[in-house]
Amino acid sequence: MLAIHPCDLASRDILDRVYLREPVDPYYESRRKNLFLIVLNCTRCDEYCFCNTFGTGPRATEGFDIAITMVGEKLIFEAGSDRGMEMIGKIGLDIASREDVERAREAVDTLARTMGKAFNIMRVEKDMKGSLFSSIWNRLGERCIACGSCSLVCPTCFCFNIVDGIEDDLETRYRERIWTSCLLYEFSEVALGGHFRREVASRIRQFMNHKLNYWIDQFGVYGCVGCGRCIENCPAEIDIRKVALEAGGCIVR
Ligand code: SF4
Ligand code: SF4
């Protein structure tokens, strides 16, 4: 993969915790082990980015083969693995000057300082737990149209469904894995007309809590890397950063 953002690299590590634990997903594993990862450290961002909140950006610190930082017209390459070092050797690059390396470091640090922190991750899990029965969810449920765009663009969302089908010839059968989302009505349907989350409010609560609360219990990390795509793509202008802050107002400290 070429020039992915540090937050996307971090999401890959989060997905590993899902797909590489027992039983290992062989399809994910085979693609994962063949990845050669070239990360582009961020020196600018948009209004939706908040990777600095989770420390998942704007600089990639590990897990890449090559990291690139743009400084003016120059590209500073850094090897993160033996394969990355080998690749850089084959390209035959000039050795970066100490000044350029320092400028590259400062450019990323400046962005981190500018971005600041959207909320306190030392507290947000507790805040979310304390807000489970808050009126926030009903209010968000009235705005959310349950389109699923937020999880469609989220690099850490991993839910899928397995469906069986038959081709037009009415003989060839197939089984396939398809994307799905906890925001969609069908996601929580069960047999005999049962449903675990009929109300949109309960679905948006699930999405937000999975990212900022349940993931810690399940996998020991947050399920959000602060990429901001769910914010940018939500037609109802629901902002996970504001939800995290609002959840903090729902508990007695
Ligand atoms: S993108 Fe916005 S409106 Fe659509 S399901 Fe997600 S939160 Fe709801
Ligand atoms: S900001 Fe939104 S889209 Fe990005 S990782 Fe977090 S929940 Fe997913």
Side-chain angles (χ1 to χ4, degrees), residues 1 4-19 39 42 45-58 60 63 111-112 115-121 124-125 127-128 131 134-161 179-189 195-216 218-247:
M1 296 176 81
I4 61 169
H5 295 294
C7 59
D8 289 324
L9 180 70
S11 73
R12 188 278 317 264
D13 291 336
I14 288 176
L15 292 179
D16 281 358
R17 294 175 189 242
V18 178
Y19 287 117
V39 181
C42 295
C45 71
D46 61 30
E47 71 213 74
Y48 308 109
C49 298
F50 62 106
C51 61
N52 193 44
T53 301
F54 289 105
T56 50
L111 175 62
M115 209 187 299
K117 307 269 186 190
F119 49 81
N120 184 349
I121 63 162
V124 69
E125 179 203 3
D127 288 350
M128 295 296 280
S131 73
S134 149
S135 60
I136 296 175
W137 310 114
N138 285 336
R139 278 184 276 125
L140 288 174
E142 285 168 11
R143 282 168 55 195
C144 173
I145 60 171
C147 64
S149 299
C150 47
S151 53
L152 179 64
V153 296
C154 178
T156 68
C157 273
F158 59 84
C159 289
F160 59 84
N161 196 3
W179 171 87
T180 189
S181 162
C182 60
L183 272 307
L184 304 182
Y185 182 84
E186 303 77 29
F187 184 89
S188 304
E189 274 185 319
H195 201 294
F196 291 112
R197 299 191 198 104
R198 277 188 206 284
E199 296 77 26
V200 177
S202 62
R203 283 178 256 151
I204 187 89
R205 182 176 74 171
Q206 164 64 22
F207 177 85
M208 295 294 177
N209 273 280
H210 203 202
K211 300 297 173 192
L212 301 175
N213 174 7
Y214 308 145
W215 255 88
I216 293 284
Q218 275 182 294
F219 301 108
V221 292
Y222 283 108
C224 175
V225 293
C227 72
R229 293 189 185 106
C230 60
I231 308 166
E232 184 177 8
N233 289 283
C234 177
E237 298 184 355
I238 291 172
D239 185 331
I240 190 171
R241 298 168 297 190
K242 292 181 185 166
V243 173
L245 290 173
E246 200 170 341

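Order of listing sets the numbers, starting from 1, for every ligand and every atom in it. Below, each value reflects all heavy atoms present in this structure, side chains not excepted, and no hydrogens, waters or symmetry copies.
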Contact atoms of ligand 1, heavy-atom distance to A146 under 4.0 Å: 5 (S), 8 (Fe)
Report the nearest protein non-hydrogen atom to atom 8 (Fe) of ligand 2: residue, atom name, distance rounded to 0.1 Å. C154 SG, 2.3 Å
OG (S149) and CD (E232) are apart, to the nearest 0.5 Å, by 11.5 Å
Steps toward side chain to side chain contact (heavy atoms under 4.5 Å, CB included) verdict (V225, F50): CA-CA 8 Å; V225 293; F50 62 106; over 6 Å; no
Going by the side-chain contact (heavy atoms from CB on, under 4.5 Å) test, name the single residue among F196, Y185, F187 that passes it with R203. Y185
Heavy atoms of C144 and L183 approach each other most closely as SG-CD1, 4.1 Å
Can R229 and D8 be said to form a salt bridge (charged side-chain N to carboxylate O under 4.0 Å, His left out), step by step? CA-CA 11 Å; R229 293 189 185 106; D8 289 324; 2.9 Å; yes
Would you kindly specify which portion of L183 sits under 4.0 Å from ligand 1, judged on non-hydrogen atoms: side chain, backbone, both or neither? side chain
Determine, step by step, whether E246 and R139 satisfy the salt bridge (charged side-chain N to carboxylate O under 4.0 Å, His left out) criterion, reporting the C-alpha distance in whole Å, the side-chain angles of both residues, the deciding distance to 0.1 Å, and the verdict. CA-CA 12 Å; E246 200 170 341; R139 278 184 276 125; 2.6 Å; yes
Number the atoms of ligand 2 from 1 as they appear, then name those within less than 4.0 Å of a heavy atom of V225, with their elements. 5 (S), 6 (Fe)
Look at atom 5 (S) of ligand 1 and say which protein heavy atom is nearest, naming residue and atom and giving the distance to 0.1 Å. G148 N, 3.2 Å
To the nearest 0.1 Å, how far is atom 7 (S) of ligand 1 from its closest protein heavy atom, and which atom is that? I204 CD1, 3.5 Å
In terms of atom number and element, which parts of ligand 2 are under 4.0 angstrom from non-hydrogen atoms of F50? 1 (S)
Distance under 4.0 Å to a non-hydrogen atom of C224: what atoms of ligand 2 satisfy this? 1 (S), 5 (S), 6 (Fe), 7 (S)
Does F54 have its ring centroid less than 6.0 Å away from the ring centroid of F119? yes
Report, in ascending order of atom number, the atoms of ligand 1 lying under 4.0 Å from any heavy atom of C144. 3 (S), 5 (S), 7 (S), 8 (Fe)
In ligand 2, which numbered atoms sit nearer than 4.0 Å to a non-hydrogen atom of G228? 1 (S), 4 (Fe)
Need the ligand 2 atom indices (1-based, order shown) with element for anything under 4.0 Å from a heavy-atom of C230. 1 (S), 2 (Fe), 3 (S), 7 (S)
Below 2.8 Å, any N, O or S contact between C150 and atom 8 (Fe) of ligand 1? no
In the protein, which heavy atom is nearest to atom 3 (S) of ligand 1, and how far is it? I145 N, 3.4 Å
Backbone or side-chain N/O/S of C7 under 2.8 Å of atom 4 (Fe) of ligand 2: no
Does only the side chain of V200 get under 4.0 Å from ligand 1, or the backbone, or both, or neither? Count heavy atoms. neither
Is the closest heavy atom of Y48 to ligand 2 under 4.0 Å? no
Which protein heavy atom lies closest to atom 4 (Fe) of ligand 1, and at what distance to 0.1 Å? C147 SG, 2.3 Å
Provide, to 0.1 Å, the distance between atom 2 (Fe) of ligand 1 and the closest protein heavy atom, together with that atom's residue and name. C234 SG, 2.3 Å
Distance, nearest 0.5 Å, that separates OG of S151 from CG of L184: 6.5 Å
Step-by-step side chain to side chain contact (heavy atoms under 4.5 Å, CB included) determination, E125 to Y222: CA-CA 9 Å; E125 179 203 3; Y222 283 108; 3.4 Å; yes
Go through the steps for C45 and L111 under the test side chain to side chain contact (heavy atoms under 4.5 Å, CB included), then give the verdict. CA-CA 8 Å; C45 71; L111 175 62; 3.6 Å; yes
Would you please classify the geometry between the H210 ring and the W215 ring as parallel, tilted or perpendicular, with 30° and 60° separating the classes? tilted
